Participant: 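Take a look at the following structure, please.
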Amino acid sequence: MTEAAKGSRAAGIPGLVRGLAATARTLARPTHTSEYPDAPPSLPPRSRGVIALLAENCTSCMLCARECPDWCIYIDSHKETVPATTPGGRDRQRNVLDRFAIDFSLCMYCGICVEVCPFDALFWSPEFEYAELDIRELLHERDRLGQWMATVPPPPALDERSADPAEVSALGKPARAPRAPRQAAAEEGQA
Amino acid sequence: MGQTGEVTTTDGPRELTVGMGAGGLATADMVLNIGPQHPATHGVLRLRIVVDGERIITAEPVVGYMHRGAEKLFEVRDYRQIIVLANRHDWLSAFANELGVVLGVEQMLGLEVPERAVWARTLLAELNRVLNHLMFLGSYPLELGAITPIFYAFREREELQAVMEEASGGRMHYMFNRVGGLKEDLPAGWLDRVTHAVRAVRGRLPDLEALISGNEILEARTRGIGLLSPEAVAAYGVSGPIARASGVDMDLRRDAPYLAYPELFAPGGPGRVVTRTAGDCLARLEVLLEQVHVSLDLADACVERMRSLPQGPVNVRLPKVLKVPEGDLYTATENPLGFNGYYLVSRGEKTPWRLKLRSASFNNIGVLRELLPGALISDMVAILGSTFFVVGDIDK
Amino acid sequence: MATVDLPLPRLGVGAETAPRPIKVVLNWGRRYSLWVFNFGLACCAIEFIAASMARHDFIRLGVIPFAPGPRQADLMVVSGTVTDKMAPAVRRLYDQMPEPKYVISFGACSNSGGPYWDSYCVTKGVDTVVPVDVYVPGCPPRPEALLQGIIKLQEKIASESLSSKGMRAKYGGHRAATAAEVTRPLVAPPTREVVGG
């Protein structure tokens, strides 16, 4: 109990009356109800609502599917051979994404997939309006995940005391020393 | 109710005839099951009590209705994935739960966490403590029949949840800790919004207090009810606000400090351990209420400190595959509800060999076996609610 | 134990032949007075409570959280992890609700087991126990997501057919309870044998 509370009791005001006074004060104040269906809530950019997929960036590396704590990401891909562009060049292989699906009935919204994606193909969107009548509809395929991309907000600016991004701190470093003589490099490599 | 007036005037033992041929007040022991789905158990705790008339003779909490096997699941998940599951057992103090895991792993790795991360973690942990306590400050009076306080409590919760969500992206399960620091840095201007939210909550807290503290009805229901002795606290391993309400002056933030608590709980610092000596339901509620104030002060101190820290990172770079060296370690933290411990046994793999969870509520409801016998059925809800438990924390 | 099949829900002749406007009015009434019974099990229950509080306030949508028990409720919101130990109780309470009844599965755990899908003691979705009308995804979903789920349910109720056929399609099938299921006692623990006594 705080000093204020003790003080007012000493003044002889019964607790019930003080409680009613608090209620009366609140009654006089405006409500804080948010009128959800009519007024959409303003959500912070980091809010974890739904995962959006930018399929062009996905290389089907499977990192997200592997790191997911309940393994709710399904990826199918196949290899395609890209013929050489220059005469005498080598044919290249690249992965083509066939299927990318997230089961939102299983997803625990931890954000590990977004965090581990090395190619920035996954993003959080604050959208939350996707309740379904059938559980099978909660398995969102690639096109549905792609539609969420439009709702992805830009990331917030970071705190002024945050460390510089890696790109900036790399710029600030002194230029790399000129390459050491071949002999020294070889020794270093052995060590 | 008209008969009660007549009864008080008669002398000696009075006889009351119950109209079912019961023949006086001859009572027999009766076994009564409360729960698993009962509004007063907020969650799915089941109590099996034996009553003689209205008096409880024995009480036994039957646990396991919310057992989700988290400890077993920890063993097949790497340390980042464990954080996700770990914050779900005590769903009201998710941040504090995450903290225990990462502190343990960091200690076993011998990892130094950047200073900004330490202070940010402390700040978030204290805000989480306020969120947890506000929930109980709302729900406990609700169980006693006062519906109003919970509206006030949830208003403040929404205020704080908004800042927590802005930083971490989650309203309840923050998933903001990582081994070596935090997931990412705080958004610009967030500290100002924390100050604002803390000020708003502190400003409106007297409203909630006016409804709870000093309320005659609430005091009549809780004063002298459910007396818990310091001996029982020690015998059952009770911890947290419940233990402190019985005069057991014990708080890991001060006694075995982690994070930035050594500085905050140093003499002259804003941290202090709230204790009461009465040990009844009212004392437990008062401890909770005062802890909210202390935690808000601590949050303010953390914000102040964070403003003066030099620029720096909030996490350290770690290898992609994190393996904890072989060994074992017990990490205890002061969760909002009491001691929360993780016993981590690693065999050098990227998953723990065993991660045992010591949760606060499990021990705290064990003491119901002592608290309830002798009490009236009508006081059962008051006693049950005052042990401030989270069912997921009991059953894991 | 012999099981007795419960009769499938059936409506009177009046309902079958009622003119369309009456059905619309009936559905409208059901839609906006959903007395809700919160089957609060875990984390999601806290967000359910948050949705019932002043900030989100689902009474605005006609959802009334004061149902004293399942027997006086129209809507059950299963919020949280359903464990195998708890599942019989969920079914029991569902069976106690009067028809027409609706179920919202709130959060990943009750949708499909969610974070605990590979646990040995968690039911893989409450829809293995009771029929579910609306699934709200999230872990836990934010209160607004519950409101959206409720709106979705209300749309479903509005377009519901009132014929016995429609009712049977909803409650019938393999998930219908038998009388034995409704009345059977909970599984008794194994009796302890006295050793050396």
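Values in this document were obtained by computation on a predicted structure and should not be read as measured data. Numbered from 1 within each chain, the chains take letters A, B, ... in sequence-line order.
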Participant: In terms of heavy-atom pairs under 4.5 Å with chain A, which of C:Gly114, C:Ala108, C:Ala145 leads?
Facilitator: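 Between C:Gly114, C:Ala108, C:Ala145, the count favours C:Gly114.
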Participant: With the side chain counted from C-beta on, respond yes when C:Val132 and A:Ile135 share a heavy-atom pair under 4.5 Å apart, and no when they do not.
Facilitator: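 They are not in side-chain contact.
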Participant: Apply side-chain contact (heavy atoms from CB on, under 4.5 Å) to residues C:Gln148 and A:Tyr130 and explain how you reach the verdict.
Facilitator: CA-CA 8 Å; C:Gln148 197 251 338; A:Tyr130 51 106; 5.7 Å; no
Participant: Check each atom of A:Asp103 against the heavy atoms of chain C and say whether the ones under 4.5 Å are side chain, backbone, both or neither.
Facilitator: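 Contact with chain C: none, neither part.
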Participant: Okay, side chain of C:Trp117, backbone of A:Asp70: is any donor-acceptor separation there less than 3.5 Å?
Facilitator: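 Yes, because the side chain of C:Trp117 sits within donor-acceptor range (under 3.5 Å) of the backbone of A:Asp70.
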Participant: Whether the side chain of C:Ser112 engages the backbone of A:Ser105 through a donor-acceptor N/O pair (distance < 3.5 Å, no angle test) should be reported.
Facilitator: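 Checked: pair present.
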Participant: Check whether C:Leu146 gets within reach of chain A through its side chain, its backbone, both or neither, counting any heavy atom under 4.5 Å.
Facilitator: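 Neither part.
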Participant: Where does A:Glu35 contact chain C at under 4.5 Å (heavy atoms): side chain, backbone, both or neither?
Facilitator: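 Contact with chain C is through both the backbone and side chain of A:Glu35.
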Participant: Working to the nearest 0.5 angstrom, can you tell me the gap between C:Arg55 CZ and A:Thr31 OG1?
Facilitator: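 Result: 10.0 Å between the selected atoms.
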Participant: Answer whether the closest heavy-atom distance between the side chains of A:Tyr109 and C:Pro137 falls below 4.5 Å.
Facilitator: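 A side-chain contact under 4.5 Å exists here.
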Participant: Hey, does the side chain of A:Ser34 reach the backbone of C:His56 with a donor-acceptor pair shorter than 3.5 angstrom?
Facilitator: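 No.
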Participant: What residue in C:Gly149, C:Cys109, C:Pro140, C:Gly138 has the most heavy-atom pairs under 4.5 Å with chain A?
Facilitator: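 Maximum pair count with chain A is reached by C:Gly138.
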